[in-house]
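What follows is one structure encoded as structure tokens, with my remarks underneath.
In this text, all values refer to a predicted model and were calculated from it rather than measured experimentally. Every chain is numbered from 1, with letters handed out A, B, ... down the list of sequences. Basis for what follows: all heavy atoms, side chains included, without hydrogens, waters or symmetry-related copies.
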Amino acid sequence: AQKVTQAQTEISVVEKEDVTLDCVYETRDTTYYLFWYKQPPSGELVFLIRRNSFDEQNEISGRYSWNFQKSTSSFNFTITASQVVDSAVYFCALSDFNRDDKIIFGKGTRLHILP
Amino acid sequence: EPEVTQTPSHQVTQMGQEVILHCVPISNHLYFYWYRQILGQKVEFLVSFYNNEISEKSEIFDDQFSVERPDGSNFTLKIRSTKLEDSAMYFCASSEGTGRGGRPGELFFGEGSRLTVL
């Protein structure tokens with residue numbers, strides 16, 4: 001069975017601090033995809049990144065970076081120099097490589113960036 | 001930028017009533033989805049739809065639920081006899097394709113339809 005665990009329910013940091021959102025996953029599949037989605041206060045879900053299981057290279061996109069470690073089944077997300085606009089709920093998610101039309105989401109981490 | 005649009009943004013209904021939620025996916029997308037999010041909880045997969053048929057559905061998607069693509073642009077979710085526990089935000093999403101032909105997992109979500117069952 002597939003499962004995504006985001007142990008941090010809610011995090012508050014002061015603007016300009018760095019913050020890391022944790023994600024641990026479980027799957028029996030040998031190949032799979034991992035994702036991060038953002039849900040701002042307006043409610044929509046915004047795709048941030050996709051990683052496939054055979055690509056463990058970390059990725060950086062502006063202030064965002066992702067650390068995929070297959071050995072620990074983790075896919076953590078770091079925001080550097082956080083801004084108030086980063087305040088949102090962030091979801092980590094997982095899908096089978098061959099059934100990537102069914103995405104399993106974690107419960108989300110609510111991030112508050114305080115001015 | 002193309003977007004997925006959903007109507008209504010909020011619907012209040014009485015238990016036992018039928019509800020239809022409407023979605024207009026992005027026009028060149030081939031895969032369509034419904035997810036739901038009970039308040040404060042995680043986003044749950046309901047169903048995926050491709051080539052005019054359901055390709056995958058979850059255990060939540062029981063006989064009370066159905067989906068339809070009645071024309072070339074709309075994608076609807078029907079709940080035949082609503083229950084209190086159906087109260088949630090329902091998200092429609094679409095994608096160009098899956099790993100076999102598109103950008104897997106890059107779903108484009110609408111802003112959601114909030115359903116309140118009284």
| task | Report the residues that fulfil salt bridge (Lys or Arg N to Asp or Glu O under 4.0 Å) with A:R110, sequence neighbours left out, ordered by chain and then residue number. | result | none
| Residues of residues 5-15 of chain B within contact distance of chain A, non-hydrogen under 4.5 Å | none
| Heavy-atom count around B:E85 CD within 6.0 Å, excluding the residue itself: above 12? | yes
| task | Would you kindly confirm whether A:F91 and A:F35 end up in one hydrophobic cluster when ILVMFWY residues are joined by side chain heavy atoms under 4.5 Å apart? | result | yes
| Can you tell me how far CD1 of A:I104 sits from CZ of B:F45, rounded to the nearest 0.5 angstrom? | 7.5 Å
| request: Give, as side chain, backbone, both or neither, the part of A:Q6 having an atom under 4.5 angstrom from any heavy atom of chain B. | output: neither
| message | Can you confirm whether more than 12 heavy atoms, excluding those of B:D63, are under 6.0 Å from its CG atom? | response | no
| field | B:K83 atom NZ: more than 12 heavy-atom contacts under 6.0 Å | value | yes
| Is the CD1 atom of A:I60 crowded by more than 12 outside heavy atoms at less than 6.0 Å? | no
| said: Please determine whether the number of non-hydrogen atoms from other residues, nucleotides or ligands lying under 6.0 Å from atom CG of B:L39 exceeds 12. | reply: no
| message | As an exercise, state the distance from CG of A:L45 to CD of B:E111, rounded to the nearest 0.5 Å. | response | 10.5 Å
| remark: Looking only at heavy atoms, the pair that brings A:F105 and B:V43 closest together is CB-O, 3.4 Å
| query | Got a sec: does the NZ of A:K70 have more than 12 other heavy atoms crowding it under 6.0 Å? | reply | yes
| query | More than 12 heavy atoms of other residues, nucleotides or ligands under 6.0 Å from NZ of B:K57: is that the case? | reply | no
| note | d(B:Q37 CD, A:Q39 CD) to nearest 0.5 Å is 4.5 Å
| said: Taking every non-hydrogen pair under 4.5 Å, which of A:S42, A:G106, A:G108, A:A93 racks up the most with chain B? | reply: A:G106
